[in-house]
Amino acid sequence: ESIVAPVVGTDDRAYEAALRPRTLEEVVGQDRVREQLALVLDAATARGSVPDHVLLSGPPGLGKTTLAMIIANQLSAPLRITSGPAIQHAGDLAAILSGVMEGDVVFIDEIHRMSRPAEELLYMAMEDFRVDVIVGKGPGATAIPLEIPPFTVVGATTRAGLLPSPLRDRFGFTAQLDYYEPQHLQQIVTRSAGLLALDLTVDGAAEIAGRSRGTPRIANRLLRRVRDYAEVRTGGVLDLAAARTALELYEVDDLGLDRLDLAVLRALCASFGGGPVGVSTLAVAVGEERETVEEIAEPYLVRLGFLARTPRGRVATPAAWRHLGLTPPAGAEV
Ligand code: ADP
């Protein structure tokens, strides 16, 4: 598991739970989403009704699960947690929904990965607060309609566009989470350090923030590595020097690139003259699976403007050459 991977790792869970904001006020950044969501919740509370279904979209690690928990918390409602991959049969979902009580919040992570029949059952439940429970099999099967009390679905997806529009349309409120600005990441690690009673300096926090790829999950994870280093090497002081040394030790560079990212860039520039080169060839050159290069390394390199995906293959931009300390070849413009 890479230290800069955006998805939750096995040893992240307990640590993340301890750092999770519990109210909207504690959430750092995402001001617009926070305000809109506050309005949705306050309006529902004032009306004494259940809030609209909420769809949260955005890359992993930006706070979707956190917001779902806050929604339930603010409504003083229990949160039932499930995920698209866990709902392969419509019956799996029917079982969950038939146990729902009025005002419950049902969080469905990776909602775009549900099976089609489950999706259909879900949007009926979201619209009419009713599910058809199928009893029996084959020609003798009958659908028994079951009323369910009003409840709120909070769906999370990496891209809202991955959802079929009938399902997407059932969400009264959709929030798009964006990558965080460095100053917000700095606030997040500072807050985390406070919760963990760590001695983190302002420039230490800024250094961690700058290497976190716009992602709170990564910021908190880097903080943990710096803490390890500081506990053993600096008597517990997490300052700029400690942050730099620790993160260099873990091979996370000043832009948050790790060994794989740099290997891809180096192969692209040094071995293939900056491209264009096919992604499979590039993967072989760095000794990785094509999927790993495509799904783990490339998105952030593209986001930084270091790599372009063109019809003829991957191309390094002048910025990529410069980041490696190399001179871009004449005419290397994308
Ligand atoms: P997602 O569900 O989008 O993958 P999570 O909600 O699990 O992301 O967030 C990952 C970690 O980052 C959690 O520990 C959470 O506390 C922290 N985090 C995410 N967003 C924020 C935020 N806006 N402010 C403070 N901490 C955050």
Side-chain angles (χ1 to χ4, degrees), residues 1-38 41 54-74 79-86 105-113 153-160 162-163 171 174-196 198 200 205-206 208-209 211-227 256 295-296 299-300 303:
E1 264 171 21
S2 159
I3 180 172
V4 290
V7 292
V8 67
T10 35
D11 60 349
D12 285 329
R13 290 182 196 281
Y15 175 73
E16 285 196 350
L19 300 179
R20 225 171 225 134
R22 312 229 171 258
T23 62
L24 279 178
E25 292 70 46
E26 280 183 72
V27 170
V28 176
Q30 310 286 355
D31 294 353
R32 187 185 303 271
V33 168
R34 225 153 22 102
E35 272 176 47
Q36 293 172 337
L37 199 51
L41 298 178
V54 175
L55 182 63
L56 304 169
S57 79
L62 300 195
K64 298 184 295 298
T65 307
T66 304
L67 287 175
M69 290 178 169
I70 290 173
I71 290 170
N73 193 16
Q74 176 153 344
L79 181 70
R80 295 167 186 261
I81 301 180
T82 183
S83 74
V105 178
V106 177
F107 176 53
I108 310 180
D109 201 6
E110 297 188 77
I111 190 170
H112 58 279
R113 292 181 60 193
V153 174
V154 178
T157 179
T158 43
R159 269 192 291 138
L162 294 172
L163 283 191
F171 289 96
T174 299
Q176 165 75 51
L177 298 186
D178 288 323
Y179 289 107
Y180 289 66
E181 298 297 329
Q183 88 258 20
H184 289 141
L185 293 165
Q186 187 175 340
Q187 263 176 272
I188 289 171
V189 287
T190 303
R191 173 183 173 277
S192 300
L195 291 171
L196 299 167
L198 302 177
L200 175 67
I208 294 172
R211 299 186 189 218
S212 303
R213 299 169 166 248
T215 307
R217 168 168 295 132
I218 299 176
N220 281 336
R221 206 189 279 138
L222 297 186
L223 173 68
R224 187 146 67 136
R225 293 285 83 84
V226 177
R227 173 182 71 177
E295 285 156 31
I296 312 285
Y300 186 57
R303 186 149 67 86

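Whatever order the structure lists ligands and atoms in, that order sets their numbers, starting from 1. All values derive from a computational prediction rather than experimental measurement.
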Identity and separation of the nearest protein heavy atom to [atom]:
atom	value
atom 27 (C) of ligand 1	P216 CB, 3.9 Å
atom 24 (N) of ligand 1	V28 N, 3.2 Å
atom 2 (O) of ligand 1	T65 OG1, 2.6 Å
atom 6 (O) of ligand 1	T66 OG1, 2.6 Å
atom 25 (C) of ligand 1	P21 CG, 3.5 Å
atom 8 (O) of ligand 1	G63 N, 3.1 Å

May I ask you to check if ligand 1 and E26 share an N or O to N or O distance below 3.5 Å? no
Does an N or O anywhere in R217 fall below 3.5 Å from an N or O of ligand 1?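 For ligand 1, there is an N or O atom that lies under 3.5 Å from one belonging to R217.
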Using modelled atom types and a 3.5 Å cut-off, is there a donor and acceptor pairing between side-chain atoms of R221 and backbone atoms of I3? yes
Checking Y180 side chain against L62 main chain: does a donor-acceptor pair fall under 3.5 Å?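 Yes, because the side chain of Y180 sits within donor-acceptor range (under 3.5 Å) of the backbone of L62.
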Going by the closest heavy atom to atom 16 (O) of ligand 1, which one wins out of R20, R191, M69, R13?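 Result: the heavy atom closest to atom 16 (O) of ligand 1 is in R20.
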Among Q187, K64, Q30, E16, the residue with a heavy atom nearest to atom 13 (C) of ligand 1 is E16
Report, in ascending order of atom number, the atoms of ligand 1 lying under 4.0 Å from any heavy atom of [X].
X	value
L19	16 (O)
Y180	20 (N), 21 (C), 22 (C), 23 (N)
V27	23 (N)

Report the part of I188 (side chain from C-beta onward, or backbone N, CA, C, O) that has a heavy atom under 4.0 Å from ligand 1; answer both or neither where that applies. side chain
Using the rule side-chain contact (heavy atoms from CB on, under 4.5 Å), only one of L195, I188, V189 pairs with R191; which is it?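 So, applying the side-chain contact (heavy atoms from CB on, under 4.5 Å) to R191 and each of L195, I188, V189, only L195 qualifies.
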Only residue of L55, I70, V105 satisfying side-chain contact (heavy atoms from CB on, under 4.5 Å) with V154 is V105
With a 4.5 Å cut-off on side-chain heavy atoms, are L223 and L198 touching? yes
Verdict with supporting geometry, T65 and R217, side-chain contact (heavy atoms from CB on, under 4.5 Å): CA-CA 11 Å; T65 307; R217 168 168 295 132; 5.6 Å; no
Over 12 non-hydrogen atoms of neighbours within 6.0 angstrom of CZ in R159: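 Check fails, neighbour count at 12 or below.
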What distance separates I218 CD1 from D12 CG, expressed to the nearest 0.5 Å?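 Separation between the atoms: 10.0 Å.
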Nearest-0.5 Å distance, CZ of residue R225 to CG of residue N220: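 If we round to the nearest 0.5 Å, R225:CZ and N220:CG are 12.0 Å apart.
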Going by heavy atoms, is G61 under 4.0 Å from ligand 1?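 Per 4.0 Å heavy-atom rule, G61 contacts ligand 1.
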For D109 and I81: C-alpha separation, side-chain torsions, deciding distance, then whether side-chain contact (heavy atoms from CB on, under 4.5 Å) applies. CA-CA 8 Å; D109 201 6; I81 301 180; 5.9 Å; no
